[in-house]
Amino acid sequence: MVLSPKITARVLLIAAAVVCGVGMITPGLQGVEKTFVPADKAAHFIAFYGLTVLMMAAFPKNRRLEITLAAIMLGASIEVAQMFTHRGVSFSDLAADAAGAFAVWVPMWIQSLRSPPVVERRRRASDRVPETSAA
């Protein structure tokens with residue numbers, strides 16, 4: 001049985017969100033990310049870059065900016081949850097989370113500025129189709 005790319009992305013997204021959530025909230029795991037990435041802010045950037053990519057692959061029909069903002073809200077909710085688990089709340093962690101999410105969105109937004117709008121592409125495509133006349 002072969003899973004579709006969208007289903008695969010959703011399964012990976014759930015797994016990544018659980019790993020990131022547990023790693024960022026659990027007090028006993030503070031600093032574990034330093035075994036993989038020495039800088040804390042780089043670890044936040046990489047985690048939210050990956051989560052945003054997976055979110056966009058898992059939900060391809062949703063607006064990219066809304067997905068990016070949802071990823072940032074996830075980062076903010078993790079920071080709020082850290083208050084209740086006696087870990088430090090850090091706005092610089094949230095800034096690194098946002099930078100990782102926006103690092104996915106910005107190139108896509110720039111590409112959308114370069115390409116014509118969907119309506120224009122459809123009009124051009126319909127202009128190329130030869131019309132058949134009933135004689």
Side-chain angles (χ1 to χ4, degrees):
M1 179 174 126
V2 177
L3 296 176
S4 71
K6 184 169 60 172
I7 299 296
T8 304
R10 287 180 181 179
V11 169
L12 290 173
L13 174 62
I14 291 168
V18 167
V19 168
C20 288
V22 168
M24 291 180 187
I25 293 173
T26 307
L29 296 178
Q30 190 169 4
V32 169
E33 73 277 356
K34 291 185 182 188
T35 59
F36 303 107
V37 181
D40 178 53
K41 303 309 174 238
H44 280 268
F45 180 91
I46 292 167
F48 277 83
Y49 184 91
L51 285 172
T52 306
V53 166
L54 286 173
M55 288 171 75
M56 289 189 184
F59 304 102
K61 293 186 180 188
N62 290 40
R63 293 181 179 163
R64 293 177 184 144
L65 180 59
E66 291 174 356
I67 290 173
T68 303
L69 295 175
I72 294 168
M73 292 303 296
L74 174 64
S77 64
I78 287 173
E79 292 302 319
V80 169
Q82 285 180 352
M83 284 191 305
F84 299 109
T85 60
H86 305 293
R87 287 185 62 171
V89 176
S90 172
F91 289 107
S92 58
D93 285 350
L94 181 58
D97 299 344
F102 277 120
V104 177
W105 177 75
V106 168
M108 293 179 173
W109 176 67
I110 291 172
Q111 179 61 32
S112 73
L113 294 176
R114 295 182 63 215
S115 63
V118 174
V119 175
E120 180 66 20
R121 288 193 303 259
R122 287 182 184 154
R123 187 190 60 77
R124 287 181 188 173
S126 67
D127 288 346
R128 282 185 255 144
V129 176
E131 293 183 25
T132 57
S133 60

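For the atom pair SG (C20) and CD1 (I78), the distance works out to 7.0 Å, reported to the nearest 0.5 Å. Distance OG/S77 to CE/M73: 7.5 Å, rounded to 0.5 Å. Rounding to the nearest 0.5 Å places CZ of F45 at 14.0 Å from CG of D93. With rounding to the nearest 0.5 Å, the separation of CG in L54 from CD1 in I67 is 11.0 Å. To the nearest 0.5 Å, atoms CG (D97) and NZ (K41) are separated by 9.0 Å. The distance from atom CD of Q82 to atom CG of L94, rounded to the nearest 0.5 Å, is 10.5 Å.
Across all non-hydrogen atoms, the minimal contact from A101 to I72 is CB-CG1, 4.0 Å. When all heavy atoms of P60 and K6 are compared, the closest pair comes out as CD-CD, 3.8 Å. Pairing each heavy atom of A71 with each of F48, the nearest pair is O-CE2, 3.3 Å. Minimum interatomic distance between E79 and S90 (heavy atoms only, all atoms of both residues): OE1-N, 3.0 Å. Of all non-hydrogen atoms in A17 and L51, the two that sit nearest each other are N-CD2, 3.8 Å. Looking at every heavy atom in both residues, A70 comes nearest to M55 through CB-CE, 3.8 Å.
Within the 4.5 Å cutoff, no side-chain heavy atoms of L65 are placed close to those of W109. The side-chain heavy atoms of R64 and V104, taken from C-beta on, include no pair separated by under 4.5 Å.
Under the 4.5 Å side-chain heavy-atom criterion for ILVMFWY residues, a single connected hydrophobic cluster contains both V106 and L69. Each of V80 and F91 belongs to its own hydrophobic cluster when Ile, Leu, Val, Met, Phe, Trp and Tyr are linked at side-chain heavy-atom distances under 4.5 angstrom.
Residues passing the side chain to side chain contact (heavy atoms under 4.5 Å, CB included) test with T8, sequence neighbours excluded: L3, L12.
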Applying side-chain contact (heavy atoms from CB on, under 4.5 Å), run through T68 and M56 and close with a yes or a no.
CA-CA 8 Å; T68 303; M56 289 189 184; 3.3 Å; yes
